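For reference, the structure discussed in these notes is given below.
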Amino acid sequence: MDEKYFPEKIEEKWQKRWEEEGAFFAVERDHSRTPFYCLEMLPYPSGFLHMGHVRNYSIGDALSWYKRLRGFNVLHPIGWDSFGQPAEQAAIKRGINPRDWTEDNINHMRGQLKRVGVSYDWRREMAAHTPEYYRWDQWFFLKMYERGVAYKKLSPVNWCPTCQTTLSNEQSSGGVCWRCGNPVEKKEIEQWFLRITDYAEQLLEDMREIEGGWPERVLTMQRNWIGRSAGAYVDFTIKDTEARVRVFTTRIDTIYGATAIVLAAEHPLLAELLADLPLKADVLKFVEHVRASARNRTNAGEEAEEKEGINTGLIAINPFNGEFLPVWVANYVLMDYGTGAVMSVPAHDERDFEFAQKYSLPVRRVIERISHEQESIEHDPTRADQSAAMEHAFSDYGLLVNSGEWSGKLSEDAIEEMARFAKDKNFGEEAVTYRLRDWGISRQRFWGAPIPIIYCNECGTVPVPEKDLPVRLPDHADFTGTGESPLAGVAEFVNTTCPKCGGAARRETDTMDTFVDSSWYFFRYCDPRNDSAPFDQERVTYWTPVSQYIGGIDHAVMHLLYTRFWTKVMRDIGLVPFNEPVKRLMTQGMVTNLVEGTNDWKRMSKSLGNGVDPDDMIAAYGADAVRLFVLFAAPPENELRWQETGIEGAVRFLRRVYGMVWRWRERLSDASETGAEEFSAAARALRRKTHQTIARITEDFEELHLNTSVAALMELSNALGDFGAEPQTAAGADAFAVREALESLVLMLTPFTPHVAEEMWESLGHEGGIIGGAALWPRADEELARKEDLEIPVQVNGKLRSRIRATPDTPEDVLRAAALADEKVQGFTNGREVVKVIVVPQRLVNIVVR
RNA sequence: GCCGGAGUGAUGAAAUUGGUAUACAUAGCAGACUCAAAAUCUGCCGUCCGUCAAGGGCAUGGGGGUUCGAGUCCCCCCUCCGGCACCA
């Protein structure tokens, strides 16, 4: 230890030592310790670490260290989400091989991570772009294909013209590409899908298992995304035909108010019945018009277009009352939700109302608001006022009127009974629909895992046999970015033989969405070199589900939904025995910085010029100080505003602690505990602070309140400074109190500033290092933490008026008497009647006077 | 519109879950050391009244309520952030 704090020197020393000792290796199947799986979202190897990464990994690292010091067997791994488009863009722009670009980036970022000193088990490092990994992506695909979870279909999908590939619904949320932010278009392409919709109900149901462990807003976002909606299907027969049109409604109770059936422009029934329509030409023209404007409507978040429609001339029959309803086509009915057809009830649906106003369709009221009067008075359905013109749809639940035999019922009851009736009569049934769509995983890109499928003219679609995996990406391709997968241009890749008949065949040239890679990577960490299975089940059962997952909120719906789905499929295949992959999730906030010349705090980015390079910060202040500041400046889930003065504060604090260790280092090793009676009041106070701090931080860690933990450490350090004892003159008991406080401080600093903590621990005379000695986390002694002398606030009528001194065991009546006798208190109670005295032992006294 | 989260000093934020509001830090101010500056150290730092003081009034987005006592619980309202949205 030098007299002065040189972070560079210390950090290099300990990083080297940890590496040599394999200090952070997680031990397989160690049943003597409780496993703890601490996971951070794996980074995309863009080339450089940014502050968001540093924050993410500092949080995870603090928790990992803490758990280790508490005696857990901690798995703390890292890897690379190394497939994806930037590598291909680099290839196109600069003529570099995507693999070289990716691996150079990984090498550079690995070096940066090591300089931050994150305690990873580097033996388990994985990278998605290696055949050893993506082979198992392909293996999973085959398993899903076998089970019908993976399937191919032609359908309109999201197409990003900038990225030249299709995207899943999740990746084009809000109508923009998740990666480049540009508007997406619809395109009819044959694509591979994963049947995530089969798991919609489970994805909702199983949230119960993780509630409390996951942030509420993430669960809400997923719930919104899945978009469950319970209602009923009702079939309307088309007059003079055999055809039936099925609608979905959540308000079957309003069906007597239906005055039209409205179809989406793409509704298949139109094509079917068009030939016989007198209005055929007009309808076709309208349909084309709707499609064209849908294509043009690229801007996300745009206001809904004006409703437009056309009467087809077809007549539908309301199965409840036999009424004839005109069939319209309109732009406000979406083909990809429900059945692509709705019953239009203008009186009770705002959209239908608007449409009816425009085209003068009748508005018929069939639900009445329940007033308090009506609740008590026998309701007379004939009394309902129909003549009054409505200004808005009435979309609340209420009482049915003008609804035949159903009149007089409450909406809630009618919804249930009418659906049952429809089912009995065979023209409908209860139904649940979801907003969630199947996960389209085909990407027309090179830098991804090839989909292991072969097309044979004789045998059709043939899965690649398991023994032939991996289907390797070729080393070179022509990166033209023309909208077709570059793989299609690689003859030696495309041309193959059919595994079934041996004849000439072609490979699928699309690759998999990179979110496939990240859906199961953390299982692979448990057994990263396995070449006969994605992982060994026993190992995975030991470590997973993940104890604590940490990452950005941006993946609330994409990655975190996919990985939940993937886990359920793995469970169904028999690979894991649980439903949910992650017990606890923490979503860390953004790291922002002032944009020069403005007052806006924005996420650090190159394009805004407000980025801060972690390497520069580490060079200037040391990794420990950077980490300490990042963890102290805000609660982990909040936005973190970068302030260089804040990081200077962190360094100042570390220097102060370091200085204390330096001054005391030779005095403490033989300072041992003496009899309690030898401790001065000040020494007892210091010991109290020490044990209170231990208790507080231990508690904070369970909830990841890392900022308050750091504050507590600063308080302890301040208390040590205020204690005032000097190494040369301190009495034995005082030296012991200092030793206890300082050693606790150093140990509890480890999760935040591991390098300097190790250095200080060594200087205090401990051999073997902190990580070398297991389970060193200090233990709080409740007895010593207890206050011996309290200041009890005394209130008069709830207002603080005085304080009295007391010991924790002062009985109630003594406290009461002392409070009443207090001089200041008497100034407020004199001449008034004491009505009541509330005494909360150890807390306060409140005197109520009149 | 629906769903979720949040509003506390100049700033980032604390508050043992109903019991002394503003811990810890940053910035600021004053002082010590210094030829000087930086660094370091000491003190002050919600707001108003009070000559300094002693002391008191008011303060946790606004209004009401429950309670001996409310930042915390209940009701109404406002604002901000996030998600979904012509979803039937």
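Naming convention: chains lettered A, B, ... in sequence-line order (proteins, then strands); numbering from 1 in each chain. Computed from a predicted structure; not experimentally measured. Just so you know, these numbers use all the heavy atoms, side chains as well, and skip hydrogens, waters and symmetry mates.
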>> Applying a 4.0 Å non-hydrogen cut-off, can you work out what A:Arg850 is touching in the nucleic acid: base, sugar-phosphate, or nothing?
In response: nothing

> A:Phe632 near the nucleic acid: base, sugar-phosphate alone, or nothing, with a heavy-atom cut-off under 4.0 Å?
Replying inline: base

> With a 4.0 Å cut-off on heavy atoms, is A:Arg223 in touch with a base, just the backbone sugar-phosphate, or nothing at all?
Replying inline: nothing

> Within 45° of the axis and under 6.0 Å from the centre of the six-membered ring of A:Tyr332, does NZ or CZ of A:Lys307 qualify?
Replying inline: yes

> Would you call A:Ile196 and A:Leu436 a side-chain contact if the rule is heavy atoms closer than 4.5 Å?
Replying inline: yes

> Can you tell me the Watson-Crick or wobble partner of B:rC84, both distances under 3.5 angstrom?
Replying inline: B:rG1

>> In this structure, how many angstroms lie between the P atom of B:rG12 and the CZ atom of A:Arg55, rounded?
In response: 14 Å

> Between A:Tyr359 and A:Phe355, what is the ring plane arrangement, given parallel below 30°, perpendicular above 60°, and tilted in between?
Replying inline: tilted

> Is there a Watson-Crick or G-U wobble partner for B:rG7 with both distances under 3.5 Å, and which nucleotide is it?
Replying inline: B:rC78

> How long is the line joining CG of A:Leu219 and P of B:rG5, in whole Å?
Replying inline: 11 Å

>> Mind checking if A:Gly227 touches a base, just sugar-phosphate, or nothing, with heavy atoms under 4.0 Å?
In response: nothing

> When we call it a touch if two heavy atoms are under 4.0 Å apart, what does A:Pro635 touch: a base, just sugar-phosphate, or nothing?
Replying inline: sugar-phosphate

> Atom CZ of A:Arg217 to atom P of B:rG5: distance rounded to whole Å?
Replying inline: 11 Å

>> Quick check against the 3.5 Å criterion: does A:Thr339 have a side-chain atom that pairs as donor or acceptor with the backbone of A:Arg246?
In response: yes

>> So, under a plain 3.5 Å distance rule, would you say the side chain of A:Asn224 forms a donor-acceptor pair with the base of B:rC84?
In response: no

> NA contact type, A:Val848, heavy-atom cut-off 4.0 Å: base, sugar-phosphate, or nothing?
Replying inline: sugar-phosphate

> A:Met335 has an atom CE; how far is it from atom P of B:rC86, in whole Å?
Replying inline: 16 Å

> Picking from B:rA88, B:rU40, B:rG57, which would you name as closest to the side chain of A:Phe248?
Replying inline: B:rA88

>> Can you tell me which nucleotide in B:rG56, B:rG19, B:rG57 comes closest to the side chain of A:Phe828?
In response: B:rG56

>> Need the pair for B:rC24. Rule: Watson-Crick or G-U wobble, both distances under 3.5 Å, any strand; none if unpaired.
In response: B:rG12

>> Please pick, from B:rG55, B:rG4, B:rA25, the nucleotide with the shortest atom-to-atom distance to any side-chain atom of A:Met714.
In response: B:rA25

> How would you label the contact of A:Arg228 with the nucleic acid (heavy atoms, under 4.0 Å): base, sugar-phosphate, or nothing?
Replying inline: nothing

>> Please determine whether a side-chain nitrogen or oxygen atom of A:Lys307 lies at a distance below 4.0 Å from atom OP1 or OP2 of B:rC86.
In response: no

> Taking the side chain of A:Ile838 as its heavy atoms from C-beta onward, which of B:rC68, B:rA88, B:rA85 lies nearest to it?
Replying inline: B:rC68

>> Less than 6.0 angstrom separating the ring centers of A:Trp662 and A:Tyr5, yes or no?
In response: no

>> So A:Asn707, base contact, sugar-phosphate only, or nothing? Heavy-atom distance under 4.0 Å.
In response: sugar-phosphate

>> With syn defined as a glycosidic angle within 90° of 0 and anti as the rest, where does B:rG9 land?
In response: syn

>> Strictly by Watson-Crick or wobble contacts shorter than 3.5 Å, is anything paired with B:rA30, and which nucleotide is it?
In response: B:rU42

>> At 4.0 Å (heavy atoms only), tell me whether A:Val333 reaches a base, stays on the sugar-phosphate, or touches nothing.
In response: base

>> Heavy atoms only, 4.0 Å cut-off, all strands: where does A:Asn718 land among base, sugar-phosphate and nothing?
In response: sugar-phosphate

> Can you tell which of B:rA88, B:rA14, B:rU20 lies closest to the side chain of A:Asp349?
Replying inline: B:rA88

> Tell me: CG of A:Asn638 to P of B:rC80, nearest whole Å?
Replying inline: 19 Å

> Roughly, in whole Å, what's the span from CD in A:Glu637 to C1' in B:rG4?
Replying inline: 15 Å

> What distance, rounded to whole Å, do you find between the two P atoms, one in B:rC78 and one in B:rA85?
Replying inline: 25 Å

> Is it true that the side chains of A:Asp624 and A:Thr753 contain a donor and an acceptor less than 3.5 Å apart?
Replying inline: no

>> Using a heavy-atom cut-off of 4.0 Å across all strands, would you classify A:Thr339 as base, sugar-phosphate, or nothing?
In response: nothing

> How close or far is atom P of B:rG5 from atom CE of A:Met221, stated in whole angstroms?
Replying inline: 14 Å

> Is A:Gln795 touching bases, backbone alone, or none of the nucleic acid, heavy atoms closer than 4.0 Å?
Replying inline: base

> According to the Watson-Crick and G-U wobble definitions, with both distances under 3.5 Å, which nucleotide is paired to B:rU66?
Replying inline: none

>> Using a distance-only criterion (donor-acceptor N/O pair, under 3.5 Å, no hydrogens), is the base of B:rU16 paired with the side chain of A:Arg843?
In response: yes

> Which of parallel (below 30°), tilted (30 to 60°) and perpendicular (above 60°) describes A:Phe701 and A:Phe752?
Replying inline: tilted

> Between atom CG in A:Asp396 and atom P in B:rG1, what is the gap in whole Å?
Replying inline: 14 Å

> Is the A:Phe320 ring parallel, tilted or perpendicular to the A:Phe427 ring (thresholds 30°, 60°)?
Replying inline: perpendicular

> Contact class for A:Glu350 (heavy atom, under 4.0 Å): base, sugar-phosphate, or nothing?
Replying inline: nothing

